[in-house]
Amino acid sequence: MGDTGFARFGADDRLMWANAAFAARFGAPAEATLGSLLDGLLGAVGIADLRRGCPVTRGLPDGARVTLALGHGAPGENLLTAVETPPPGVATVAEQGPWAKTSLVLDCLSQGVMAFDRDLRLVAWNRRVLELLYIDPDFPRYAQPYEVVVRHIAERGGYGAGDIDDLVAHRLEYIRTASWPFYNERVRPDGAVIETVTLPLPDGGFVTTYTDITQRKQAERELAASRELFELAIRAAREGISQWDLRTGEVWFSPQWWGLLGYDEAAMDNSRQRWEEMIHPDDRTDALAMIDEFAAGRRSESRLLQRYRHRSGAIVYLDTRSIGVPGTDGRAFRIVGSHTDVTESVRAAEAVRAAKEEAEHALHDLKEAQVQLIQAEKMAALGSLVAGVTHEINTPVGIALTGASLLAEKTRALRRLFEAGGLRRGDFAEFIDIADEATQLMLLNIERATRLIQSFKQIAVDQASEERRVFELNHYIHEVLRSLGMRIRRAGHAVTVDCPDDLTLDSYPGALGQILTNFVINSLLHGYEPGVRGRLSITVTLSGGEVELVYADDGRGIPADLHSKVFEPFFTTSRDRGGSGLGLNIVYTLVTRNLRGRLRLDGAPGAGAIFTLRFPRVTPGDPLPL
């Protein structure tokens, strides 16, 4: 055959193409297959060896020997190479240079290989380099000049676009002046990246290997992009990263971690001793215990709030999340942590907690003050009651005292007549008439005073305590009004009550009495201009176990925009006239807390005020706590 023969076969083993050398020695009919061409020469065993990638050598009828090798060409194709050795006594290409003896070995490499001697002549190559450099399989010849090989590659686009002569001249200049060894990367027109490594040969010349690193470069670009994205994400999130090697005890903290504590890269000291100096002593103990648990395999992740000393001396709170990186034995050999500065959140939480405690303390004080104000209001109402009852009792007691004085005087005069013996029948009859009239007058007024005192006693006890009892509502309303009678009459107002006579409540009369007292006092103080006489009314109905008590006056009323505020503590429009703003707030508290009821304000300016109170006839349970 003389030259190296090549033949390409498709995925179905049918012959697709063969060069002239191959066709001259073995033939190349259109219907030929790999098996039909080699069956007589190699047999089934030899073909099997070829398919496994092992070269096979056989003798030819003329005494020559041929070595066959099967490799991969384009995707889905097989490339059969036939190298013929002439008969003994005939000069061989192998005798022309030592590299020809290794051609079969080179064909087994996944890298492309090409070697030139000291005179820059081609002395060795393999099939892989032909594929990588776009070299025609029929082109290479032993001892071809380097310039011829370079020109062939340039003409086929192997060096990219440009003038062919310029490309060849550049390659020749480069190879003559290059420092050995040297590395290079070549990008083919199709985008594939070829890495070249060129090494000098001992007796001159050089050998170059060609490796397709397209996938590796792609992976490196993706890895670099991922690393850059990861670093940018960490910087944007201001997250610090740490690593702790459980085998060596070495620690590492990212520049962002140091930045959280006020240090630049020049001040970084990634040592365990420095870490122990910066972390709070109490948190250092917990962190070391956590690391021991990772090392012992009892923990795979953790989260701790740690305190560190900032460069300025302040305390920085870092939310530290850690995960263990398992080794081949399944146990963690490295701990990776992320650290987030949560100092502001912690400070805010502490401020909220302090504010909450302060608010709770203020609320406690306010409740105590509210209790004291309610008690003070009760005492004020009781004082008003005492003043009114005192005035009411003065009249019957004064009349009784006058009658008693008259009777005593007449009795002494009768005694003097009797002792002097001048007592006449007419004098005695006159004394009896006066005594009878005075006695009747005294009894009537004493009974009236007694009723007032009993009423005062009951109302005073009710208003000074929170005792629950059963009472008649109509009777109790009149007793409360009787205690306020002097102030009502002095103002000249009329009062009407419409309440069922047999309506009994199981509730807190003191609370109800104070509510009515505050309603009446509010009307007297704020409802009317001086000298204006009005009408106060109390209307009570019962429906489904719920009592509705409506208190109304026909005074100046309350503006609608103030209806939502009148029950607030310390709200008053009459502070210049001594109003405290607590009366209706106390009423609202007594209604909702003691009576378990609801209170609504109606009315309009100039049309009076209407308070509608609804509460159960039988109050459930004890009063609600303040």
Side-chain angles (χ1 to χ4, degrees), residues 359-385 459-469 471 473 476-477 479-481 483-484 505-527 536 538 540 546-553 558 562-575 578-603 609-626:
E360 290 176 348
H361 182 71
L363 179 61
H364 179 267
D365 293 344
L366 181 60
K367 287 182 176 180
E368 288 188 352
Q370 187 177 12
V371 172
Q372 295 175 1
L373 289 172
I374 291 176
Q375 190 65 28
E377 189 71 14
K378 287 181 179 180
M379 293 299 103
L382 189 58
S384 178
L385 174 65
I459 293 176
V461 170
D462 288 338
Q463 292 194 7
S465 68
E466 292 186 349
E467 182 181 355
R468 174 176 178 166
R469 64 185 178 89
F471 60 96
L473 181 57
Y476 194 78
I477 291 174
E479 286 188 344
V480 173
L481 294 176
S483 68
L484 298 171
L505 305 183
D506 182 359
S507 188
Y508 297 89
L512 186 59
Q514 190 168 353
I515 291 169
L516 292 175
T517 299
N518 282 6
F519 281 158
V520 173
I521 297 300
N522 266 353
S523 295
L524 299 181
L525 293 178
H526 311 299
L536 315 179
I538 300 174
V540 179
E546 187 176 67
V547 178
E548 180 181 270
L549 187 152
V550 179
Y551 173 85
D553 64 35
I558 301 175
L562 301 181
H563 284 196
S564 61
K565 300 180 180 180
V566 294
F567 298 118
E568 295 178 1
F570 305 107
F571 176 81
T572 179
T573 59
S574 304
R575 198 172 303 278
S580 66
L582 291 173
L584 289 180
N585 174 254
I586 292 175
V587 167
Y588 182 83
T589 300
L590 293 174
V591 170
T592 56
R593 173 178 175 265
N594 294 59
L595 303 184
R596 304 290 185 89
R598 307 180 302 280
L599 182 61
R600 187 182 76 243
L601 169 61
D602 298 304
I610 303 173
F611 293 91
T612 301
L613 168 62
R614 290 186 176 89
F615 60 94
R617 190 182 66 84
V618 178
T619 303
D622 296 328
L624 294 174
L626 286 173

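Values in this document were obtained by computation on a predicted structure and should not be read as measured data.
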Worksheet item: Looking at CZ of R469 and CG of L505, how far apart are the two atoms once the value is rounded to the nearest 0.5 Å?
Response: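 The distance works out to 10.0 Å.
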
Discussion item. Would you compute the distance between atom CG of D553 and atom CG of N522 and round it to the nearest 0.5 angstrom?
Written reply: 9.5 Å

Taking C-beta and beyond as the side chain, do [X] and [Y] meet within less than 4.5 Å on heavy atoms?
X    : Y    : value
L512 : L473 : yes
L481 : V520 : yes
N518 : L590 : no

Worksheet item: Residues in side chain to side chain contact (heavy atoms under 4.5 Å, CB included) with R614, at least two apart?
Response: E546, E548, R598, R600, T612

Item to complete: Under the ring pair (Phe, Tyr, Trp, His ring centres under 6.0 Å) rule, collect the residues that match up with F519, sequence neighbours excluded.
Response: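 Per chain and number, F519 pairs via ring pair (Phe, Tyr, Trp, His ring centres under 6.0 Å) with Y551, F611.
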
Discussion item. Please list all pairs meeting salt bridge (Lys or Arg N to Asp or Glu O under 4.0 Å) that have one or both residues in residues 505-521, counting only residues at least two apart or in different chains.
Written reply: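 Found R468-D506.
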
Fill in: Residue pairs involving residues 510-522 (criterion salt bridge (Lys or Arg N to Asp or Glu O under 4.0 Å); sequence neighbours excluded)
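Residue pairs with at least one partner in residues 510-522: there are none.
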
Worksheet item: Among T592, L599, T517, L516, whose side chain to side chain contact (heavy atoms under 4.5 Å, CB included) with V587 holds?
Response: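 Exactly one option meets the side chain to side chain contact (heavy atoms under 4.5 Å, CB included) with V587, and it is L599.
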
Worksheet entry | Pairing residues for S507 by the side-chain hydrogen bond (donor to acceptor under 3.5 Å, both in side chains) criterion, not counting sequence neighbours | T619

Discussion item. Keeping Y476 on the side-chain end and P509 on the backbone end, is there a donor-acceptor pair under 3.5 Å?
Written reply: yes

